[in-house]
Number of protein chains: 2
Amino acid sequence: MATGHTDPQRRERILAATLDLIAEEGTAQVSHRKIAARAGVPLGSMTYHFDGIDQLLREAFTRFADHIVAVFDAHLAAPADRDQAREAVTDLVHTLSEGSPRDLVLTQELYTLAARRPAYRELTHEWMARSRVHLEKHFDPDTARQLDALIEGLTLHRALDNEPHDRALTREAVRRITTTSG
Amino acid sequence: MATGHTDPQRRERILAATLDLIAEEGTAQVSHRKIAARAGVPLGSMTYHFDGIDQLLREAFTRFADHIVAVFDAHLAAPADRDQAREAVTDLVHTLSEGSPRDLVLTQELYTLAARRPAYRELTHEWMARSRVHLEKHFDPDTARQLDALIEGLTLHRALDNEPHDRALTREAVRRITTTSG
DNA sequence: AGATAGAGCGTACGAACGTACACTCCTGGT
DNA sequence: ACCAGGAGTGTACGTTCGTACGCTCTATCT
């Protein structure tokens with residue numbers, strides 16, 4: 001029937017504004033009013049488009065997780081052999097830790113939620129699973145698992161370090177963890 | 001001169017209650033009132049003992065960082081040779097990821113704050129530095145750095161995994177990262 | 001014993017919050 | 001041209017928040 005005047009970008013803008021706000025001020029500081037102001041939508045839109053703040057956060061982080069999964073895919077889908085895979089992993093670590101602090105901060109916020117709430121843990125599982133699928137094209141499952149954990153740790157330490165380690169160290173770590181003893 | 005009736009445990013109880021509350025509900029949900037109720041102190045005590053919520057959080061996380069540093073020390077100070085050091089690292093990873101979810105959650109909360117605010121980053125730096133000091137007694141600096149990152153990643157992945165990897169995998173990962181090629 | 005200074009607390013205030021809901025206004029059907 | 005109904009919004013309510021501050025009470029000193 002009638003549709004009224006509809007603006008399909010409303011939801012998107014709200015979700016984008018939510019992630020921006022979380023990146024800048026933290027999950028602790030999100031509120032309907034701040035998000036609405038940032039997205040340029042009236043306060044009433046918030047409860048119209050989303051059932052509550054919880055649903056809003058969950059949906060926003062789902063978008064973010066999709067974004068990160070895409071980054072993993074972009075880096076890890078291409079390589080054709082083990083050496084290329086190793087270099088791709090090195091690239092990935094440096095992209096994640098050197099890119100805008102935005103992704104780093106949002107990742108941490110998501111991990112924090114995941115540590116406490118299973119609903120969010122599913123989001124992190126998806127990208128751990130996805131990255132493992134890629135890695136298992138070039139390495140055995142155990143190695144993929146170890147490498148996956150190494151990526152996590154290297155990325156975080158590089159991001160939080162005042163004097164982050166250089167590419168050579170990342171490359172060497174990747175080489176070691178992917179070298180199965182004779 | 002006069003001291004009035006003083007209760008030196010007040011501050012401690014407040015800080016402990018703060019960490020408990022953060023572990024249970026997250027930094028987003030802390031408030032003077034909830035902390036006061038949990039600690040069994042009057043609301044007025046909050047502003048009397050602490051200048052504001054920021055200072056309270058900073059001090060609480062400082063306590064927590066001290067606790068974690070102590071865990072690192074306890075595990076990494078003892079080993080006398082490389083093999084014992086490797087086993088100690090394996091122990092550490094499993095202790096951190098299997099222990100109460102409390103420490104895991106608080107660690108994530110702290111990392112999240114550290115990702116955004118330098119003041120908190122100093123707390124994480126201290127324990128990264130401390131663990132490296134221990135590791136460098138048995139491994140060269142580059143290896144210590146790689147191993148430190150690996151510990152981080154393994155701990156997190158084990159904690160967030162639905163089917164966490166077993167000890168053998170941890171041990172193997174530690175062995176690989178600490179094996180310098182010939 | 002009385003005075004006093006500081007430790008510690010109860011309370012009140014203004015601001016911000018999430019959410020519900022009555023309302024407007026546009027659109028498509030007749 | 002008119003109607004119906006749903007999309008979208010403004011506002012108001014009850015709650016909770018951080019913080020300030022005047023007050024009480026106790027331990028020490030004279």
Side-chain angles (χ1 to χ4, degrees), chain A residues 1-63 109 112-113 116-117 119-120, chain B residues 1-63 109 112-113 116-117 119-120:
Chain A
M1 318 291 185
T3 59
H5 45 197
T6 215
D7 180 0
Q9 303 196 338
R10 271 277 189 285
R11 272 183 71 91
E12 290 304 321
R13 285 227 313 284
I14 291 173
L15 289 169
T18 303
L19 287 176
D20 284 348
L21 184 63
I22 294 172
E24 277 181 31
E25 305 190 16
T27 307
Q29 301 298 326
V30 294
S31 79
H32 276 157
R33 284 170 172 81
K34 285 186 192 170
I35 295 167
R38 187 179 281 255
V41 303
L43 176 59
S45 284
M46 302 304 295
T47 45
Y48 177 72
H49 287 291
F50 301 92
D51 275 348
I53 276 209
D54 267 7
Q55 190 206 333
L56 175 56
L57 282 184
R58 235 178 350 244
E59 203 158 331
F61 273 112
T62 302
R63 299 299 169 102
E109 294 278 1
T112 300
L113 290 169
R116 194 171 4 246
R117 297 173 55 177
Y120 291 93
Chain B
M1 316 296 185
T3 58
H5 46 195
T6 216
D7 180 0
Q9 303 197 337
R10 272 276 189 284
R11 273 183 69 93
E12 291 305 320
R13 285 229 312 285
I14 291 172
L15 289 169
T18 303
L19 287 176
D20 284 348
L21 184 62
I22 293 171
E24 276 181 31
E25 305 190 15
T27 308
Q29 302 298 327
V30 294
S31 78
H32 275 157
R33 283 172 174 82
K34 286 186 193 170
I35 295 167
R38 186 179 282 255
V41 303
L43 176 59
S45 284
M46 302 305 294
T47 46
Y48 176 72
H49 287 292
F50 300 92
D51 276 348
I53 278 209
D54 267 8
Q55 190 206 333
L56 174 56
L57 283 184
R58 238 181 344 246
E59 203 158 332
F61 274 112
T62 302
R63 298 299 169 102
E109 294 278 0
T112 300
L113 290 170
R116 195 172 4 247
R117 295 173 55 177
Y120 291 93

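Convention: sequence-line order gives letters A, B, ...; per-chain numbering from 1.
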Quiz item: Do other residues, nucleotides or ligands put more than 12 heavy atoms under 6.0 Å from the CD atom of B:Gln9?
Solution: no

Atom pair [atom1] ([X]) and [atom2] ([Y]), whose distance is rounded to the nearest 0.5 Å:
{"X": "A:Ile22", "Y": "A:Lys34", "atom1": "CD1", "atom2": "NZ", "answer": "11.5 Å"}
{"X": "B:Leu56", "Y": "B:Thr18", "atom1": "CG", "atom2": "OG1", "answer": "4.0 Å"}
{"X": "B:Leu43", "Y": "B:His32", "atom1": "CG", "atom2": "NE2", "answer": "8.0 Å"}
{"X": "A:Arg116", "Y": "B:Glu24", "atom1": "CZ", "atom2": "CD", "answer": "9.5 Å"}

When the distance from [atom1] of [X] to [atom2] of [N] is rounded to whole Å, what number comes out?
{"X": "B:Gln9", "N": "C:dA7", "atom1": "CD", "atom2": "P", "result": "18 Å"}
{"X": "A:Gln29", "N": "D:dG18", "atom1": "CD", "atom2": "P", "result": "11 Å"}
{"X": "B:Met46", "N": "D:dT16", "atom1": "CE", "atom2": "P", "result": "18 Å"}
{"X": "A:His32", "N": "C:dT19", "atom1": "NE2", "atom2": "P", "result": "5 Å"}
{"X": "B:Lys34", "N": "D:dG18", "atom1": "NZ", "atom2": "C1'", "result": "14 Å"}

Exercise. Check each residue of residues 48-55 of chain A for a non-hydrogen atom within less than 4.0 Å of any atom in DNA chain C, then write out the ones that pass by number, or none.
Key: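 A:Gly52, A:Ile53 - these, ordered by number, are the residues of the stretch whose heavy atoms sit under 4.0 Å from the strand.
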
Quiz item: Hey, can you pull the residues of residues 11-27 of chain A with a non-hydrogen atom under 4.0 angstrom from DNA chain C?
Solution: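 Close to the strand, none.
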
With a cut-off of less than 4.0 Å, is there a side-chain N or O of [X] near OP1 or OP2 of [N]?
{"X": "B:Ser31", "N": "D:dT16", "value": "no"}
{"X": "B:Ser45", "N": "C:dG8", "value": "no"}
{"X": "B:Arg10", "N": "C:dC9", "value": "yes"}

Quiz prompt | Minimum-distance nucleotide (side-chain atoms of A:Arg33 versus C:dC17, D:dC21, D:dC17) | solution = C:dC17

Side chains of [X] and [Y] in contact at under 4.5 Å (non-hydrogen atoms):
{"X": "B:Thr62", "Y": "B:Leu15", "answer": "no"}
{"X": "A:Glu109", "Y": "A:Phe61", "answer": "yes"}
{"X": "A:Val41", "Y": "A:Met46", "answer": "yes"}
{"X": "A:Gln29", "Y": "A:Leu21", "answer": "no"}

